[in-house]
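Numbers here simply count residues along the sequence, with the first being 1. Order of listing sets the numbers, starting from 1, for every ligand and every atom in it.
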Amino acid sequence: MARMKSNRKDSLKVKAYRSRLENAEGYGEVWEIVKATVKSSLNERRVGMMLFLDDLPLRLGAYHSLGTNNIVLNRALVNIVEVTSKSKRLINSFVYVLLIHEYLHALGRPRESQVRALVYKISRESFGQDHITTQLAELGPWSILKGIPLDAMNAPKRVIEIVKDFEKADKKYII
Ligand SMILES: [Zn+2]
C-alpha cells in the first residue's frame, strides 16, 4: 500500500516536471526547474548563480569556472538546436541538460563521470525513463545533433552577454 502510494506520488511528480519543462519560456524558467529537480533528488541548492551567453566552439556546451557564480552557456550551439529542431520541448531539454551539468559542478562536484551519472539519475527521477531529457542525459546532448556537420559550421562570434535577472528571468531564447 505504502509502495503504491509512493509510486503514484512519483508519477505525479514526473507529470508536473514534464509539463513545466515543456512550457518553460526562456533560460530563467528552465533554471528554476534545474534547481527544483536537484533539490528534489539531492536536497541541495545554491542561489545567486549568474548566466552568461557566449559563442564558443561547438563541441563545448557550457562551462562553470570554479570559485565563481558564473555559468557560461554556448549561445551558438543553442541557436543551432533552435534552428534544427523547432520543438520547444527538445530545446528546453537540451538547455536543461547543459545547465544542470554546470549546476552540479557548482555544487562542489568536479568529476565529470560523477556529474554525468547524476544528471542521468536526476533526469530519470524527474522526467521518467522515456523522456527526451533522460535520453539526452544518457547519450549526451550532442546526440540530437547527429548528422549535422558541426565542424564545418562557421558560427559568428558575438559579444558575451549576461542574462538579466536569471534567477527569476523571463528572457526568451531568441534575441
Ligand atoms: Zn563538466
Query - Heavy-atom check, side chain of M49 versus side chain of K35, under 4.5 Å - result: no

Requested in this report: Indicate yes or no: does R116 engage E112 in a salt bridge with an N to O separation below 4.0 Å.
Outcome: yes

Report task. Return yes when at least one N/O/S atom of E112 is nearer than 2.8 Å to the Zn ion (ligand 1), and no when none is. Result -> yes

Requested in this report: Please work out the angle at the Zn ion (ligand 1) defined by atom NE2 of H101 on one side and atom NE2 of H105 on the other, rounded to 10°.
Outcome: 100°

Query - ring pair (Phe, Tyr, Trp, His ring centres under 6.0 Å) contacts in which one or both residues fall within residues 42-67, not counting sequence neighbours - result: none

Report task. Inspect the contact between D55 and R158 and indicate whether a charged nitrogen and a carboxylate oxygen are less than 4.0 angstrom apart. Result -> yes

Query - Heteroatom N/O/S of H64 within less than 2.8 Å of the Zn ion (ligand 1) - result: no

